[in-house]
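Report on the structure given below.
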Amino acid sequence: MVELSVGVVGATGLVGRELLFFLEKRKFPLSRLDCYSSGKSNQGIFFQGKKYSAKKFNFNEAKKNQIIFFVSSDEVSARWAKKLAALGIWVIDDSSAFRNDPAVPLVIPEVNKEEISPRSRLLAGPNCTMTGLGVAGYRLHQKIGVKEIRLASYQSVSGAGRAAVEDFFAETRKDMKNFSLKGGRVPILKMKKSLHLPRPISANVFPQVGAFDSQGVSGEESKVAFELRKVWKAPNLKISVTAVRVPTLRGHCLSAWLTLRKPISLKEATRLISASTILKNDHSYPTPLSCAGREGVFVSRIRRGCSPFEIVLWIAMDNLIKGAALNSVQIAEEILRCGFI
Ligand SMILES: NC(=O)c1ccc[n+]([C@@H]2O[C@H](COP(=O)([O-])OP(=O)(O)OC[C@H]3O[C@@H](n4cnc5c(N)ncnc54)[C@H](OP(=O)(O)O)[C@@H]3O)[C@@H](O)[C@H]2O)c1
């Protein structure tokens, strides 16, 4: 069996640590691990019982690897990923730097693994909100055709990275002091500023994930629409999204309304959806807590919408796992399975 030299850029981040966990758990055949971080703090990493240090990124060192995962930021990926891929190194990028680039395949292995080929050594993983819908709705789209989608997301704080999670902890600790029904009234908490999020997230919910464009659409809402069209190869798909941040730690949930090209029975819809997801019945519907730490996309509450053409479903998955780290590891496994290394 091949044994590979593997680099992880952003190894100390929320996704980076999950990525290392899954490389180890799935026994990815690596002989050497090369970890990078901002280099500003000296954080240790444990992998297969050994301690590694995550050093500042170094191009000349990094180019000794055969596969490099980028789980850092758009800026870091934009600066280095193409240069490394040009040397023949397989680069799997979880940032949004190349997702819109027509020359870079955007891959969810359950949907379009045939896009992985030596024609492009640089491969992008999609946005964590889109992945749940991309997997859950794909068979419906393939067999019946999906014409329109309406989507509401309920996105956990870890989707915004470690600094946002630190904010969530700090804000919640402060609010806890006022969590009591003294005098019988529900406390009216003071609005404060959040350090890394657009609004305070403790005991709050807000309809903004990313910056708004001139049309009032948030960055996340545009990404979901663009990336779903790309992964499904459905340039004319109509999609309308409201992306909402909620005070949960990990696990994104979606309410999705799919308008199909022709009516089908709920039984048939369920059969198609369950081909690529973990189906739960209406009484054991998935939640952020129930899917935290687990692989896969969970679906339940499949029902008829307001017309015979519309199917409504509830989707949940761990944004750090299938929404990021696991998807990247699956791409790497596919590269090996196809014998491209
Ligand atoms: N969070 C999610 O659910 C999710 C889902 C899909 C995709 N993604 C994408 O995955 C990437 C990582 O997200 P995250 O949530 O893990 O972020 P994070 O928790 O903020 O971690 C960022 C990582 O990047 C490192 N870093 C910062 N500057 C660097 C530099 N100049 N060179 C090398 N490494 C540097 C950080 O190192 P230090 O520890 O030294 O700061 C840290 O390891 C982002 O591109 C994000 O868009 C995230």
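Atoms within a ligand are numbered from 1 in the order they appear, just like the ligands themselves.
Under a 3.5 Å cut-off, the side chain of Gln66 and the backbone N or O of Ser5 do form a donor-acceptor pair. Judged purely by atom type and a 3.5 angstrom limit, Asp318 has no side-chain atom pairing as donor or acceptor with the backbone of Ala292. In this structure a side-chain-to-backbone donor-acceptor pair under 3.5 Å is present from Glu221 to Ser218. No donor-acceptor pair under 3.5 Å is formed between the side chain of His252 and the backbone N or O of Met317.
In this structure, the side chains of Ile335 and Ile92 come closer than 4.5 Å at one or more pairs of heavy atoms. The shortest distance between side-chain heavy atoms of Trp314 and Thr287 does not fall below 4.5 Å.
Summarising the geometry, atom CD1 belonging to Ile315 is positioned 7.0 Å from atom CG belonging to Leu151; distances are rounded to the nearest 0.5 Å.
Nearest non-hydrogen protein atom to atom 17 (O) of ligand 1 is Gly161 CA, 4.0 Å. In terms of protein heavy-atom proximity, atom 24 (O) of ligand 1 is closest to Ser72 OG, 3.2 Å. Remark: minimum distance from atom 13 (O) of ligand 1 to any protein heavy atom is reached at Val15 CG2, 3.8 Å. The protein atom (non-hydrogen) at minimum distance from atom 7 (C) of ligand 1 is Asp94 O, 3.4 Å. Of the protein's non-hydrogen atoms, Gly13 CA, 3.2 Å is the one closest to atom 21 (O) of ligand 1.
Near Ser37, the atoms of ligand 1 lying under 4.0 angstrom from a non-hydrogen atom of the residue are 32 (N), 33 (C), 34 (N), 35 (C), 37 (O), 40 (O). Residue contact check: Gly10 has heavy atoms under 4.0 Å from atoms 23 (C), 24 (O), 25 (C), 43 (O) of ligand 1. Near Ser158, meaning under 4.0 Å from any of its heavy atoms, are these atoms of ligand 1: 1 (N), 2 (C), 3 (O). Numbered from 1 in the order shown, with element, the atoms of ligand 1 that lie under 4.0 Å from a heavy atom of Leu320 read 1 (N), 2 (C), 3 (O). Annotation for ligand 1: atoms under 4.0 Å from non-hydrogen atoms of Ala324 are 5 (C), 6 (C). Per-residue contacts place Ser73 under 4.0 angstrom from the following atoms of ligand 1 (heavy atoms of the residue considered): 45 (O). The Gly159 neighbourhood of ligand 1 comprises atoms 1 (N), 2 (C), 3 (O), with distances under 4.0 Å to a heavy atom of that residue. In the vicinity of Cys128, heavy-atom distances shorter than 4.0 Å reach the ligand 1 atoms 3 (O), 5 (C), 6 (C).
Annotation: Phe57 places no N or O atom under 3.5 Å from an N or O atom of ligand 1; distance criterion only.
Taking the six-membered ring where tryptophan is involved, the planes of Trp80 and Phe57 are tilted, since the angle between them lies from 30° to 60°.
Of the options Ala62, Ser38, Cys35, the smallest heavy-atom separation from atom 28 (N) of ligand 1 is shown by Ser38. For the residues Leu14, Asn319, Val76, Thr12, the heavy atom positioned nearest atom 43 (O) of ligand 1 is part of Thr12. The heavy atom nearest to atom 11 (C) of ligand 1, considering only Val71, Ile45, Val157, Asn58, is found in Val71. With Gln43, Arg162, Lys322 as candidates, the residue nearest to atom 20 (O) of ligand 1 on a non-hydrogen basis is Arg162.
Residue-environment remark: NZ (Lys55) exceeds the threshold of 12 foreign heavy atoms within 6.0 Å.
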Lys174/Glu171 under salt bridge (charged side-chain N to carboxylate O under 4.0 Å, His left out): CA gap, chis, key distance, verdict: CA-CA 5 Å; Lys174 264 195 192 157; Glu171 289 175 21; over 6 Å; no
Residue pair Glu115, Lys230: steps toward the salt bridge (charged side-chain N to carboxylate O under 4.0 Å, His left out) verdict: CA-CA 11 Å; Glu115 298 270 319; Lys230 181 167 174 176; over 6 Å; no
